[in-house]
Amino acid sequence: MAQQPQHTKTKRYGMVIDLDKCTGCGACMVACYAENNVPFRQDDSDKMRSLNWIRVMKVDNGKAFPDTEVCYIPMPCMQCDGQHMQGHSPCVSVCPAVATDYDYPTGIVSQIYTRCFGCRYCMAACPYHARKFNWWDPKWPADMEKYLNPDVSARMRGVVEKCSFCYHRYQKARDKAYVEGRDELHEDEYQTACTQACPTNAITFGDLYNPEHAVHSLSRSKNAFRLLERLNTNPKVYYLSSKSWVRRVADNYLEGENPEQVAKARKAAATH
Amino acid sequence: MTTPAIPEGVKRCSTRQFTLWLAVVGAVLLWGVYAMFLIWYKGLNQTGMNDAYGFALWIWADLAVIALGGGAFFSGFLTYIIGKKELKSIINYAVIIGFICYSSALLILALDIGQPLRGWFIFWHANVHSMLTEVAFCLSCYFAVLTIEFIPLVLENPKLDRIPFLHHLSHNMHEVMAVFAATGVFLSFFHQGSLGGVAGVLYGRPFAFREGLLIWPWTFFLFTWSAAAVGPCFTMLVTWLTEKITQKKLVRPEAFELLAKISGWMLLTYMIAKIADTWYWAAVTAPARGFSLMEFYSNNPIYGIWILIAELVICGIVPALILITPKWRENKNLLVTAAILAVLGVCINRWVMVLQVMAAPLLPFQDWYMYMPTWQEVATTILPVAYGAILISLAYRYLPVFPHEKELNPGQ
Amino acid sequence: MKIDRRCFLSLVIGGAVGTTLTPVPWKLTDDIAIWTQNWSWTPEPEDGPSKFVKSVCTQCSGGCGIIARTIGNRAIKIEGQPDHPVNNGSLCPKAISATQHLYGPSRIQGPMKRAGERGQGKWEKISWDEAISTVTEKLAELRTRGKPHSVACISDTDRNSVAYLLDRFLRAYGSPNFIRTPSSADAQELALYLSFGRQGTIGYDFKQSDFILSFGCALMDGCDAAGQMMSAFGDMDKKTRLVQIEARLSDTAAKASQWVAAKPGTETDLALGLGHVMVRDGLYDKAFIDSHGFAFEDREDEAGNAYPGYRSLVRDYSPEKVAKTTGLPEKTIESLARAFARARRPVAVTGFSNPAAASVNQALAVFALNALAGNFQKPGGVFVIDEPDYLSWTEMKIDKTASAGNQQARIDGAGTKRFAHTRYLPNRLPEAINSSQGDSPVQALLVAGGNPLYTLADPQSAKKAFEKIPFIVSFSTFMDETAEQADLLLPHPHFLECYQDVPTPAGMAKTVISLARPVVKPVYDTRHTGDVIIETAKNLGGFIENAFPWKNHEDFLKKTLSDQWETLEKQGYWTDDSSRDNSLEKLFRTSSQRFEFLPRAGFETQGSENPKSKVQTVSLPGDVNELPLVLVPYSTIRISGGAVANTPFMTKTVDANVIAQQDVFVEINPETASEYGLSQGDKATLKTPAGNAKVRVNLFEGIMPGLVAMPAGLGRTGFSDYIAGKGVNVYGLIAPAADPASGLNAAWGARAAIGKA
Ligand SMILES: Nc1nc2c(c(=O)[nH]1)N[C@H]1C(S)=C(S)[C@@H](COP(=O)(O)OP(=O)(O)OC[C@H]3O[C@@H](n4cnc5c(=O)[nH]c(N)nc54)[C@H](O)[C@@H]3O)O[C@H]1N2
Ligand SMILES: Nc1nc2c(c(=O)[nH]1)N[C@H]1C(S)=C(S)[C@@H](COP(=O)(O)OP(=O)(O)OC[C@H]3O[C@@H](n4cnc5c(=O)[nH]c(N)nc54)[C@H](O)[C@@H]3O)O[C@H]1N2
Ligand code: SF4
Ligand code: SF4
Ligand code: SF4
Ligand code: SF4
Ligand code: SF4
Ligand SMILES: [Mo]
């Protein structure tokens with residue numbers, strides 16, 4: 001991991017989601033729709049064509065009744081740093097028109113709807129299916145346009161969209177800090193809509209580089225892991241779970257491999 | 001007396017028969033055009049694609065058609081740069097087939113993007129790191145080259161040739177053709193490669209991802225190589241088909257013989273490289289990411305290990321062996337069989353590198369993603385075939401495509 | 001003309017460069033691209049000054065504090081109010097997406113009267129004056145005919161100001177028929193009354209408890225107190241043990257430290273079995289029982305009749321026996337009882353569950369466990385919250401017609417000798433109407449806040465009954481299933497548009513009153529139901545008019561909440577800690593002044609039989625051979641079964657193996673599915689004594705073999721195209737079954753058969 005000097009302006013915003021606390025309520029999804037003007041359809045049951053910036057997956061341990069266990073895994077955009085943490089995110093590097101980009105000061109992977117021309121190469125590149133295509137023109141029936149958030153532009157048919165870590169909230173917080181003559185944002189000044197909405201506080205958000213932010217230590221805890229870590233996508237979304245089977249379904253393992261061992265080997269490799 | 005539209009000394013079917021044929025193919029074309037209109041007007045919801053299948057039938061068709069169109073650049077390379085005179089007999093046709101393939105590819109791309117009117121952003125806001133940018137640039141440049149290569153042939157139509165300006169234009173273009181051919185070969189080498197790179201760089205997709213050389217994944221080289229190997233097979237196949245339909249000999253046997261031989265050796269070496277690549281991927285690349293080979297070929301309704309065997313052995317090694325063996329390739333039936341197999345092989349390869357990549361689950365709790373094209377997609381994919389048939393018919397009828405046609409069909 | 005190479009090249013290059021140098025192609029392409037970025041049909045939300053308004057969500061009885069973000073007169077976003085004592089900022093998805101209902105196509109946009117046949121969907125817009133005078137005339141006419149008691153009112157609550165005004169109106173007018181729609185709270189409140197002698201709600205101190213034993217409560221599955229429960233769970237120490245007793249691996253069970261998969265309908269047996277072990281091993285709070293328990297030991301009354309106590313009652317519930325009924329291993333029952341008894345601050349919880357499980361005996365059996373643990377009015381335990389007293393009756397005089405009407409028996413049979421302590425029996429209403437000879441006993445029905453044609457068990461017979469009612473008024477905000485069948489629509493504003501008081505929600509361990517307030521100006525031509533009642537009363541004149549000395553609902557609220565109004569306006573809620581008083585002296589207001597394990601009030605109404613006979617569980621009708629499976633409803637927080645339908649956003653979050661297009665999936669264990677030749681996604685026909693339904697199957701290891709589980713909240717016809725027409729209403733497949741102790745509907749499921757379609 002690249003060593004990052006503290007007290008620089010470079011942030012690495014990230015998320016830690018405690019799966020032991022997530023009840024699968026879907027509040028994060030709904031909060032995200034409302035915050036980010038995500039459209040909906042009369043029949044949104046085709047999940048492969050449904051716009052969701054965060055999806056809550058239900059997984060089980062594969063055991064028969066009554067030894068079954070289930071766990072919910074909320075999946076926003078993982079805001080991948082890519083190999084060597086240089087913004088070589090799987091999706092950013094492939095976009096031919098720079099319609100999605102890596103923001104070095106925050107580590108947030110952006111998406112510019114008005115630049116995107118809908119080639120969907122980024123979707124093919126993203127192993128988390130975090131990217132969603134606007135298959136239809138968005139529609140808000142009756143007077144529903146009235147609830148649209150002016151901080152986030154509505155998207156048009158034919159472009160890709162995805163979780164932005166509520167970047168507009170970052171901009172607002174940053175502008176406010178600037179007006180007040182501050183360089184640094186407080187931890188609670190910039191929180192994403194899903195973090196704020198999560199009724200069990202399963203989601204924690206903050207600067208992974210900043211030791212004063214909760215995510216800093218949470219992401220380093222014993223139970224922390226990321227999804228598909230072996231692909232070297234280097235996500236900034238971490239998960240916590242006390243259950244080993246959950247950790248096992250978070251990545252791929254060959255027969256005879258175990259997650260702890262692989263994680264240890266990776267850590268060792270990283271320090272060299 | 002008016003100048004005939006049909007080149008001198010060759011015989012063509014009656015205008016009636018020709019019109020009838022055009023009408024039939026034209027109907028298919030119109031069906032495709034209607035689907036195309038629907039897609040542009042209503043958007044990509046008219047397709048069977050979804051968020052897991054961002055790339056589907058069209059991208060496969062694109063890759064396949066470009067690989068097959070590779071006959072143009074590789075024959076050009078052999079004719080103009082290596083100086084294989086035997087190929088003069090077929091080079092015009094190779095260029096036309098290439099032109100059809102590449103124009104079709106561009107049309108499909110224009111259909112495939114969600115915002116066709118912003119398509120030019122790929123040039124204006126180009127991201128030099130993206131394989132697709134490289135594809136777009138090289139593809140359009142090479143298409144321009146093919147157009148330039150095609151124009152003088154069009155200008156050789158007896159009627160057009162009568163116009164002095166066009167006559168001189170054609171003459172001048174012929175003179176600089178080698179330069180264009182060389183440029184074309186260079187461009188082609190890159191975009192065939194970058195098309196391979198499109199899948200190979202996807203390090204989030206262990207099924208597609210390949211290590212490589214500097215910034216180029218192995219698929220970059222494999223795609224170029226396979227296009228060079230199989231493109232000529234496709235040219236031969238189309239030529240053979242044209243001969244069957246027109247019931248004429250159009251190309252000198254030496255041309256076939258040489259192309260087949262070169263194709264065979266290209267294919268064989270390609271297969272060796274491809275097998276080595278597959279082995280390394282299965283033994284090193286994928287396992288490092290927690291995947292075993294068979295995970296990619298089980299628990300789903302279509303993608304079984306058969307597809308790997310079909311691609312590598314039946315449509316790879318077998319045609320290669322036929323083509324490199326003089327006795328076998330001299331047998332026209334065997335030669336055509338080998339060409340068909342080779343073409344199928346490269347199509348399977350492109351299919352696998354697009355659709356199976358999208359289908360394979362990444363997280364252990366995901367299922368295989370399945371996809372079914374809609375009629376609109378099928379129609380727009382068939383559209384280029386109809387368009388190609390029409391263009392070939394027109395070219396064959398009105399242009400001196402085959403310089404040796406007269407000599408090969410003395411009775412007519 | 002001869003063209004040489006140079007000429008040719010300069011021509012080509014020059015031409016190309018020349019064209020590109022003119023601005024035409026560039027300008028054109030650019031314009032076209034810009035056009036694609038500003039399609040007129042892609043809205044551009046207007047910006048403006050942003051405000052945050054504190055209020056409370058009234059979409060269920062959960063009472064969660066919200067903060068609404070507005071821009072100008074637009075409500076943009078609902079967030080949780082972090083300092084609200086009920087939910088500490090936590091909300092369920094329904095509140096977060098409330099703006100979709102506010103501005104959505106489900107809204108009734110103004111007063112209307114029926115233009116075509118009932119249910120035809122043809123409406124004529126009318127003025128509020130006409131609407132209110134239509135109601136007044138009808139009511140006046142019934143009164144002159146001496147039939148004021150034939151007016152009934154259905155509401156989804158009896159605890160806020162609108163319910164108070166409605167009830168007061170009926171009494172001043174002369175009808176005893178105020179009816180509250182069924183609620184999971186019904187059995188709890190009745191059990192509380194019987195064993196504590198108090199009318200109110202039960203609070204559980206989840207945050208401080210270290211062992212929570214939940215009898216099928218949908219704590220995390222969208223119960224009445226979803227915001228509160230999820231907030232509590234979020235704050236819970238990971239060492240706190242949550243044990244969920246339920247046959248299906250619900251989201252609550254998934255989050256529990258232990259999932260105890262008992263057969264459905266056997267919770268009462270299990271509670272008594274746990275009691276057996278605790279009593280047998282002496283693992284109970286003897287001091288509490290000695291000083292505050294009643295009917296723990298056998299007893300005799302003044303007349304010398306002998307009654308068995310709790311101790312002898314549970315003797316029959318040995319782990320061995322309970323293991324057979326519940327399907328649990330004996331070991332589990334033993335260890336569960338010991339773990340509960342040994343915990344420092346254990347609490348056993350019931351309610352927050354399907355009203356179908358409205359068995360008073362189950363509630364009493366669970367209360368008994370808390371009594372054994374001696375955890376009343378203690379941190380981590382059980383607290384009793386009285387009914388809100390801010391709406392206390394002000395003096396009111398009524399005339400003779402009214403008092404004669406009020407003397408009549410209630411149409412639903414509640415409060416009669418048989419169900420003396422049950423306040424409302426909405427599920428008996430259809431039966432009462434359908435079985436009456438001649439005219440319907442209900443001549444006019446006011447539906448204010450409930451949606452009985454969807455939420456009553458067996459909605460088909462409810463619909464038949466409604467057809468016999470000549471005059472139906474709906475005050476609904478939305479075009480729900482009941483409004484669709486009404487004659488007159490008097491739409492109430494959306495909760496983001498008006499004032500509404502919200503009393504302490506169930507589960508809260510202290511008194512909290514919250515105030516919903518207008519976040520935006522009314523979007524449509526709606527009027528507060530409270531205003532309509534007051535105006536109607538004024539129109540009727542006389543004693544009725546005098547009973548309503550308020551200008552309007554807001555005036556009433558301000559006056560009745562005068563002490564708390566300022567606080568409510570400022571912080572949105574008002575709390576009172578007196579209910580946390582830990583003295584037990586005045587807690588019990590039963591005739592014994594003690595906690596009654598086997599309440600006297602309970603069986604006095606039914607004679608002095610052996611109370612053991614009263615621990616009955618509702619058994620399901622139907623032939624086991626023909627209908628070998630059992631259908632149970634389940635709730636999911638992403639679909640709304642009750643108050644206010646789910647929003648389009650909520651439906652959007654539902655997985656593709658719950659709803660796909662029009663189809664609902666039932667969950668079934670793979671083992672059971674294979675017995676019937678069913679595989680994942682298959683279409684199937686589900687049959688129960690109440691009807692048939694087309695469904696699809698979702699194989700789920702987390703459900704007990706032999707069960708079929710279907711989500712509640714689907715199969716709607718009302719609201720809008722975004723909500724209606726998906727799946728089937730599970731309660732249409734479950735015929736009601738009366739709890740022998742209370743008359744409440746306690747059908748917890750239905751016998752069922754399933755086969756490939
Ligand atoms: N999202 C959402 N929230 C809501 C509502 C909604 O519809 N949707 N409705 C609101 C209203 S009005 C109410 S009253 C509440 C209702 O919500 P709850 O009162 O909590 O009732 P349900 O969630 O229907 O059922 C509770 C649980 O009981 C289980 N169950 C079913 N049968 C049995 C049985 O026989 N025994 C046991 N032990 N468990 C059983 C089910 O699996 C389910 O998990 O929720 C409120 N909140
Ligand atoms: N099918 C089915 N039946 C059920 C249940 C279920 O889950 N599914 N659950 C059971 C339970 S737990 C309960 S509590 C009952 C609930 O039964 P009901 O009390 O009938 O509950 P809702 O369906 O919530 O009806 C509330 C209706 O009031 C309208 N409304 C909303 N807000 C307002 C308002 O501010 N003013 C007025 N005037 N009207 C308003 C809405 O149109 C909504 O349809 O149903 C029970 N029956
Ligand atoms: S999760 Fe997908 S979209 Fe997000 S940064 Fe990673 S690759 Fe890109
Ligand atoms: S779809 Fe848009 S964002 Fe994605 S790669 Fe293409 S242009 Fe870039
Ligand atoms: S961070 Fe913001 S954009 Fe991303 S999922 Fe959460 S709410 Fe949506
Ligand atoms: S809001 Fe929180 S608890 Fe609910 S699904 Fe999202 S992460 Fe899980
Ligand atoms: S639980 Fe009830 S009160 Fe709380 S937010 Fe949800 S609907 Fe509103
Ligand atoms: Mo309820």
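Here the structure is a predicted model, which means the values were calculated and not measured. Residue numbers start from 1 in every chain, and the chains themselves are labelled A, B, ... in the order their sequence lines are given, proteins ahead of strands.
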Per-residue contacts, residues 27-39 of chain C versus chain B, heavy atoms under 4.5 Å: C:Thr29, C:Asp30, C:Ile32, C:Ala33, C:Trp35, C:Thr36, C:Gln37, C:Trp39
Residue pair C:Asn646 / C:Thr651, side-chain donor-acceptor N/O under 3.5 Å: yes
Could you tell me whether the side chains of C:Ser635 and C:Asp221 share a donor-acceptor contact shorter than 3.5 Å? no
Which word best sums up how the rings of B:Phe99 and B:Phe150 line up, parallel for under 30°, tilted for 30 to 60°, or perpendicular for over 60°? tilted
For the pair B:Tyr34 and B:Trp375, name the ring-plane relationship: parallel under 30°, tilted 30 to 60°, perpendicular over 60°. parallel
Of C:Ile723, C:Thr717, C:Asp721, the one forming a side chain to side chain contact (heavy atoms under 4.5 Å, CB included) with C:Phe719 is C:Ile723
Which atoms form the tightest heavy-atom contact between C:Pro711 and C:Val658, and what is the distance? CG-CG1, 4.1 Å
